[in-house]
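A short write-up of the structure that comes next.
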Amino acid sequence: MTAVSVPSATTSFDLGPARALSCRECGHETPLAAEYACLECFGPLEVAYDFGRIRREDIEAGPRSIWRYRGLLPVPTTVESHPNTNPGGTRLVEADRLAKALGVRKVWVKDDTGNPTHSFKDRVVGVALAAARELGFKVLACPSTGNLANAVAAAAARAGWQSVVLVPSTLERAKILMTAVYGGNLITVDGNYDDVNRLAQELAAEHEDWAFVNVNVRPYYAEGSKTLGYEVAEQLGWRLPDQIVVPIASGSQLTKVDKAFRELGELDLVEQTPYRVFGAQATGCSPVAAAFKAGHDVVTPVRPDTIARSLAIGAPADGPYVLDAVRRTNGAIEDVTDEEVVEGIRLLARTEGIFAETAGGVTVATAKKLIETGQLDPDGETVLLITGDGLKTLDALGDRVGPRANVPPSAEAVLKALQD
């Protein structure tokens with residue numbers, strides 16, 4: 001793995017409270033830059049902060065977007081002055097009908113389908129773009145399983161940047177069209193996501209002015225997922241839920257939601273109450289679930305084979321850190337079949353009127369399995385993360401849903417069909 005730096009005459013950057021990059025393995029710190037691998041041990045880097053004093057009232061006075069948390073993110077103090085998609089501020093739904101169907105006391109659904117490109121990826125891209133601009137990049141790029149492609153293309157268009165987006169050629173057609181419409185450079189690649197990701201790393205090493213959001217600016221990009229945790233806690237009245245179920249692709253979202261909860265407690269923005277983190281995977285791509293169940297610390301890569309393509313990362317970069325977070329919080333990781341994924345989509349839709357993509361079906365179906373196996377506390381307050389819109393993965397439903405009947409234009413025929 002090669003760490004990529006962008007030459008710049010600037011010796012310091014305005015990245016808010018961020019003070020350095022810290023290795024997640026050895027703890028070695030390096031100055032803020034476009035680096036993603038530790039030069040001492042080649043471990044992954046993440047952002048370290050000096051937060052100063054953060055108050056609830058200052059956050060609450062901020063914009064209804066992720067920028068209300070800019071004092072907790074590696075972004076310039078002027079981030080709002082630049083054109084961006086202003087992601088975040090999505091609803092937290094009190095899902096009583098779903099709770100009843102699952103047989104639990106209390107469920108909340110964090111519905112991130114309300115973001116600009118209808119997935120949580122707008123959050124991470126918003127932070128990545130803000131950092132990339134400060135670091136001197138000129139092109140926004142990514143390898144993607146779909147939702148990130150949409151978010152990068154849209155954010156680049158809004159900012160007036162060029163974009164280069166690489167996706168598997170087998171990606172859902174809706175996600176390909178939704179990326180292409182923004183007018184950037186969309187390239188489909190014969191291979192799965194892991195093949196596409198390797199190609200992106202090669203290109204990142206060759207084009208130093210291209211910001212591959214989840215490669216050479218990954219430490220900043222990943223921090224955007226913290227805003228999900230911040231919003232959940234704020235929307236619950238500045239408190240942490242008892243348990244949360246998070247879908248796993250690379251694993252970054254789960255680890256950063258956990259990081260957000262810990263930061264809020266350390267900053268006295270919430271009471272430091274215990275919480276449990278649960279991970280959700282599709283059986284056709286479940287290397288982290290397999291490692292958890294086997295008691296392993298190493299995640300063995302797999303070749304994905306599932307309808308949940310947005311989660312189809314066979315070699316998840318944050319897999320070991322997911323295991324750490326789940327075990328530390330006394331959570332668990334489960335996986336569900338494609339049939340269970342579809343039923344999860346339908347269950348959420350018919351109980352709460354929320355149409356989730358396949359990743360959301362994985363979350364709901366996994367929550368159901370965790371309850372049935374006694375791993376998730378039915379009396380605990382539970383949050384489910386729904387990270388993408390079902391309109392992106394219509395093919396997954398196949399012929400499982402459709403009209404009740406086709407009738408001639410008469411009231412009698414309608415009433416008869418309703419009785420049948």
Check: residues 241-248 side-chain donor-acceptor pairs under 3.5 Å, at least two apart:
unit_1 : atom_1 : unit_2 : atom_2 : d
Asp242 : OD2    : Glu381 : N      : 2.7
Gln243 : OE1    : Asp377 : N      : 3.4
Gln243 : NE2    : Asp377 : O      : 2.6
Gln243 : NE2    : Thr382 : OG1    : 2.9

Subject >> Glu357 and Ser310 side chains, donor-acceptor separation under 3.5 Å >> reply: yes
If you measure only the distance, is there a donor-acceptor pair under 3.5 Å linking the side chains of Glu231 and Tyr69?
-> no
**Study point:** Backbone of Ala233 reached by a side-chain donor or acceptor of Arg239 within 3.5 Å
**Key:** no
Below 4.5 Å, heavy atoms only, C-beta onward: do Glu234 and Arg68 meet side chain to side chain?
yes
Partner of Gln375 under side-chain contact (heavy atoms from CB on, under 4.5 Å), picked from Ile333, Leu370, Asn330, is Leu370
With Thr90 as partner, the option from Asn115, Asp111, Asp112 fulfilling side chain to side chain donor-acceptor pair (under 3.5 Å) is Asp112
With side chains defined as the heavy atoms from C-beta onward, is the minimum distance between Glu340 and Val362 less than 4.5 Å? no
Between Val288 and the options Leu254, Thr300, Val322, Val302, the side-chain contact (heavy atoms from CB on, under 4.5 Å) test singles out Val322
*Going by distance alone, is a donor N or O of one side chain under 3.5 Å from an acceptor N or O of the other, for Lys392 and Asn147?*
yes
- request: Start with the C-alpha distance between Thr351 and Leu347, add both sets of side-chain angles, then the distance that settles side chain to side chain contact (heavy atoms under 4.5 Å, CB included), and finish with yes or no.
  value: CA-CA 6 Å; Thr351 56; Leu347 176 61; 3.9 Å; yes
For Arg276, the side-chain hydrogen bond (donor to acceptor under 3.5 Å, both in side chains) test, sequence neighbours excluded, returns none
By salt bridge (Lys or Arg N to Asp or Glu O under 4.0 Å), Lys138 pairs with (sequence neighbours left out) none
Sequence neighbours excluded, the answer for side-chain hydrogen bond (donor to acceptor under 3.5 Å, both in side chains) partners of Thr227 is Arg123
Smallest heavy-atom separation, Ser252 atom then Arg218 atom, equals CB-NH2, 3.7 Å
Tyr193 meets the ring pair (Phe, Tyr, Trp, His ring centres under 6.0 Å) criterion, sequence neighbours left out, with none
Q | Thr145 side chain near Arg309 side chain, heavy-atom distance below 4.5 Å | A | no
Going through the distances and angles, do Arg262 and Arg328 end up as a side chain to side chain contact (heavy atoms under 4.5 Å, CB included)?
-> CA-CA 12 Å; Arg262 287 185 284 121; Arg328 175 172 44 77; 3.5 Å; yes
Nearest heavy-atom contact between Tyr220 and Val127 is O-CG1, 3.1 Å
query = Does the pair Leu384 and Leu348 meet the rule for a side chain to side chain contact (heavy atoms under 4.5 Å, CB included), with working shown?
reply = CA-CA 11 Å; Leu384 308 182; Leu348 180 61; over 6 Å; no
Closer than 4.0 angstrom, basic N to acidic O: yes or no for Lys368 and Glu343?
no
- Message: Is the shortest side-chain heavy-atom distance between Asp58 and Ile54 below 4.5 Å?
- Response: no
#### Entry: Polar side-chain atom of Glu25 near backbone of Pro44 as donor-acceptor pair, under 3.5 Å
no
Item checked: Worked check of side-chain hydrogen bond (donor to acceptor under 3.5 Å, both in side chains) between Thr306 and Asp338 -> CA-CA 7 Å; Thr306 174; Asp338 285 354; 2.9 Å; yes
* Using modelled atom types only, decide if a donor and an acceptor are shared between the side chain of Gln272 and the backbone of Gly265 within a distance under 3.5 Å. => yes
Minimal heavy-atom distance between Val167 and Val196, with the atoms involved, is C-CG2, 3.9 Å
Exercise. Hey, does His82 have a side-chain heavy atom less than 4.5 Å from the side chain of Pro76?
Worked result: no
Here the pair of heavy atoms bringing Ala260 nearest to Gly229 is CB-CA, 4.0 Å
Ignoring hydrogens and geometry, is there a side-chain-to-backbone donor-acceptor pair from Asp379 to Arg105 under 3.5 Å? no
The complete set of ring-ring contact (aromatic ring centres under 6.0 Å, His included) pairs with one or both residues in residues 270-324, sequence neighbours excluded, reads Phe261-Tyr275
side-chain hydrogen bond (donor to acceptor under 3.5 Å, both in side chains) filter on Thr255, not counting sequence neighbours, yields Asp318
Exercise for the section: Could you check if a side-chain atom of Leu72 sits within less than 4.5 angstrom of a side-chain atom of Pro17, using non-hydrogen atoms only? Expected result: no
With side chains defined as the heavy atoms from C-beta onward, is the minimum distance between Leu385 and Val383 less than 4.5 Å?
yes
Glu339 meets the salt bridge (Lys or Arg N to Asp or Glu O under 4.0 Å) criterion, sequence neighbours left out, with Arg400
Exercise for the section: For the pair Asp389 and Lys175, find out whether any cationic side-chain nitrogen is under 4.0 Å from an anionic carboxylate oxygen. Expected result: no
Here the side-chain hydrogen bond (donor to acceptor under 3.5 Å, both in side chains) pairs for residues 151-174, sequence neighbours left out, are Ser169-Asp190
Are more than 12 heavy atoms, taken from residues, nucleotides or ligands other than Asp399, located less than 6.0 Å from that residue's CG atom?
no
Tell me if a side-chain donor or acceptor on Arg24 pairs with a main-chain N or O of Leu45 at a distance below 3.5 Å. no
Glu80 meets the salt bridge (Lys or Arg N to Asp or Glu O under 4.0 Å) criterion, sequence neighbours left out, with Arg70
Do Glu223 and Lys256 sit within salt-bridge range, that is, some charged N less than 4.0 Å from a carboxylate O?
yes
Do the side chains of Lys100 and Asp96 get close enough for a salt bridge, i.e. N-O under 4.0 angstrom? no
Heavy atoms of Val232 and Leu92 approach each other most closely as O-CD2, 4.3 Å
*asked:* With a 3.5 Å distance limit and no angle check, can you tell me whether Thr283 reaches the backbone of Val336 through a side-chain donor-acceptor pair?
replied: yes
Gln235 versus Tyr230, side-chain donor and acceptor atoms under 3.5 Å
no
Exercise for the section: Indicate the ring-plane relationship of Trp210 and Phe212, choosing parallel, tilted or perpendicular according to the 30° and 60° boundaries. Expected result: tilted
Sequence neighbours excluded, the answer for salt bridge (Lys or Arg N to Asp or Glu O under 4.0 Å) partners of Glu94 is Lys106
Does the side chain of Gln201 come within less than 4.5 Å of Tyr36's, by heavy atoms? yes
Derivation and outcome, side chain to side chain contact (heavy atoms under 4.5 Å, CB included), residues Arg91 and Ile354: CA-CA 11 Å; Arg91 60 183 183 159; Ile354 298 172; 3.5 Å; yes
Sorted by chain and number, sequence neighbours left out, side-chain hydrogen bond (donor to acceptor under 3.5 Å, both in side chains) with Thr77 holds for Asp14
Closest non-hydrogen atoms of Phe120 and Ser225, given as atom of the first, atom of the second and distance, are CE1-OG, 3.6 Å
